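Hydrogens, waters and symmetry mates play no part in the numbers below; they use all other heavy atoms, side chains included. The first residue of the sequence shown is numbered 1, and numbering continues consecutively from there. All values derive from a computational prediction rather than experimental measurement.
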Amino acid sequence: MEVRAGVELPAVREEVEFTTLDRLRLVGELATPLDRHPVATLITLHPLPTHGGFMDSHILRKAAARLPALADLAVLRFNTRGTSSPRGTSDGAFGEGVTERFDLEAAVRFARDRELPRPWLVGWSFGTEVAIKYGLAHDEIEGVSLLSPPLHRATRDELAAWHGSGKRMVVLVPELDDFLRPEQAEPIFREAVPEAEFLAVPGGKHLWVGEAQTRTVLTEIVRAVNPAALPLPETYEL
């Protein structure tokens, strides 16, 4: 079968819940390879929930649909506080990127309790702010992939704190982003985190619409986390 939009490849898919330190119940899904242990784990952080972002935002949904089978990755998706999706609604209310630090902590703790290997944060838009602001608090996090970072809430000091941390940072900025384009973003990241891996994506937009953009994003995530799985197959034998 051809691997394209809407295809969900075989995986173990489990509805999960975890509780934050401020006692909110968050809902999500864990997808893992069907017949082998994952080599690494993606903890995903979705776009702004007040503007339609949730755990099913398409890049994150497609990562969970494809990467357990194609790249041996575990993918943890969840709704941050107050966010709804077909999976359900997480407790609480949107915290403007402040109280979401508890949501990230709960997700990392869940991955640790489940002994999921080599956790990476994958933030998209608002999710990049949460990752930048709070990811360094978790020693087990190996790196972070930032998709369309707007840098609205994360401060320059919070970004610069990643410099020399030993954690990898991969930054994907679409050429036609609505908020922060490569020519604006690259100098900021080069100054704050010189070792960050920065990629300007030709023709890309903030929402990464279209199969070509989806494949670019998923490929770069896999290149960082499990490059042995590249190139990602375009067909899958059932």
Side-chain angles (χ1 to χ4, degrees), residues 1 3 5-95 99-127 130-131 134-135 138 140-141 145 147 214 217-218 221-222 225-226 236 238:
M1 64 185 302
V3 178
V7 167
E8 185 175 270
L9 300 180
V12 178
R13 306 185 193 280
E14 177 186 356
E15 292 189 349
V16 298
E17 297 181 358
F18 36 87
T19 303
T20 66
L21 294 176
D22 57 346
R23 300 183 180 180
L24 299 181
R25 180 187 63 94
L26 307 182
V27 301
E29 180 204 79
L30 175 64
T32 55
L34 193 61
D35 54 3
R36 54 200 177 276
H37 293 294
V39 302
T41 304
L42 307 180
I43 299 174
T44 65
L45 298 163
H46 59 69
L48 192 63
T50 56
H51 288 68
F54 60 159
M55 62 176 275
D56 287 333
S57 292
H58 82 100
I59 290 290
L60 308 184
R61 175 173 50 81
K62 290 168 185 173
R66 303 181 192 185
L67 298 186
L70 299 183
D72 294 339
L73 301 181
V75 181
L76 176 62
R77 298 180 295 142
F78 66 99
N79 288 326
T80 56
R81 57 189 55 216
T83 303
S84 297
S85 75
R87 165 68 183 89
T89 300
S90 291
D91 291 347
F94 177 57
T99 50
E100 281 80 8
R101 70 184 184 274
F102 297 125
D103 303 355
L104 175 55
E105 188 281 333
V108 173
R109 177 161 34 90
F110 173 86
R112 182 173 62 245
D113 290 347
R114 293 291 293 265
E115 299 183 342
L116 295 171
R118 298 181 52 222
W120 272 69
L121 302 180
V122 177
W124 179 8
S125 192
F126 169 72
V130 177
Y134 310 120
H138 305 288
E140 56 265 73
I141 295 300
S145 291
L147 314 178
T214 295
V217 171
L218 297 185
I221 291 171
V222 173
V225 180
N226 184 23
Y236 185 84
L238 291 175

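A salt bridge between Arg23 and Asp91 is absent, with no side-chain N of the basic residue lying under 4.0 Å from a carboxylate O of the acidic one. A salt bridge does not link Arg87 with Glu29: none of the charged nitrogens is closer than 4.0 Å to a carboxylate oxygen.
Leu60 is listed as a side-chain neighbour of Trp124, based on a closest heavy-atom distance under 4.5 Å. Inter-residue side-chain proximity for Asp22 and Arg81 is flagged as met; some heavy-atom pair is nearer than 4.5 Å. The side-chain heavy atoms of Val27 and Ser90, taken from C-beta on, include a pair separated by under 4.5 Å. Here the side chains of Leu9 and Pro68 are not in contact, with every heavy-atom distance at 4.5 Å or above. Pro10 has its side chain within reach of Leu238: a pair of non-hydrogen atoms, C-beta onward, lies under 4.5 Å apart. With contacts defined as side-chain heavy-atom distances shorter than 4.5 Å, the pair Trp120/Ile221 does not qualify. Taking the side chain as every heavy atom from C-beta outward, His138 and Arg112 never approach each other to under 4.5 Å. Counting only heavy atoms from C-beta outward, the side chains of Phe126 and Glu100 approach each other to under 4.5 Å.
When all heavy atoms of Phe94 and Pro49 are compared, the pair lying nearest together is CD1-CG, 3.6 Å. For the residue pair Gly135 and Leu104, the shortest heavy atom distance occurs at N-CD2, 3.9 Å. Shortest non-hydrogen contact noted between Pro33 and Ala74 is CD-N, 4.4 Å. Considering all non-hydrogen atoms of both residues, Phe54 and Ser84 come closest at CD1-O, 3.2 Å.
Judged by distance alone, with hydrogens and angles left aside, the side-chain atoms of Arg118 form no donor-acceptor pair with the main-chain N or O of Asn226 at under 3.5 Å. Asp103 places no side-chain N or O within donor-acceptor distance of the main-chain N or O of Thr80, the cut-off being under 3.5 Å. Panel note: side chain Arg77, backbone Ala31; no donor-acceptor pair is recorded below 3.5 Å. A donor-acceptor pair is defined here as one N or O able to donate and one able to accept, closer than 3.5 Å; no such pair exists between the side chain of Glu105 and the backbone of Thr20.
The distance from the CD atom of Glu15 to the CG atom of Leu30 is 11.5 Å, given to the nearest 0.5 Å. To the nearest 0.5 Å, atoms OG1 (Thr214) and CZ (Arg61) are separated by 9.0 Å. Rounded to the nearest 0.5 Å, atoms OG1 (Thr83) and CG (Leu48) are 9.0 Å apart. Between the NE2 atom in His46 and the CD1 atom in Ile59 there is a gap of 15.5 Å [rounded to 0.5 Å].
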For a quick test of your reading: what N or O donor-acceptor pairs under 3.5 Å do the side chains of residues 37-45 make, sequence neighbours left out?
from	atom 1	to	atom 2	distance (Å)
Thr41	OG1	Pro117	O	2.7
Thr44	OG1	Leu76	O	2.9

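Under 3.5 Å, the side chains of Asn79 and Ser85 contain a donor-acceptor pair of N or O atoms.
Not counting sequence neighbours, the partners of Asp72 by the side chain to side chain donor-acceptor pair (under 3.5 Å) test are Arg36.
Between Phe78 and Phe110, a ring centre-to-centre spacing not shorter than 6.0 Å is recorded.
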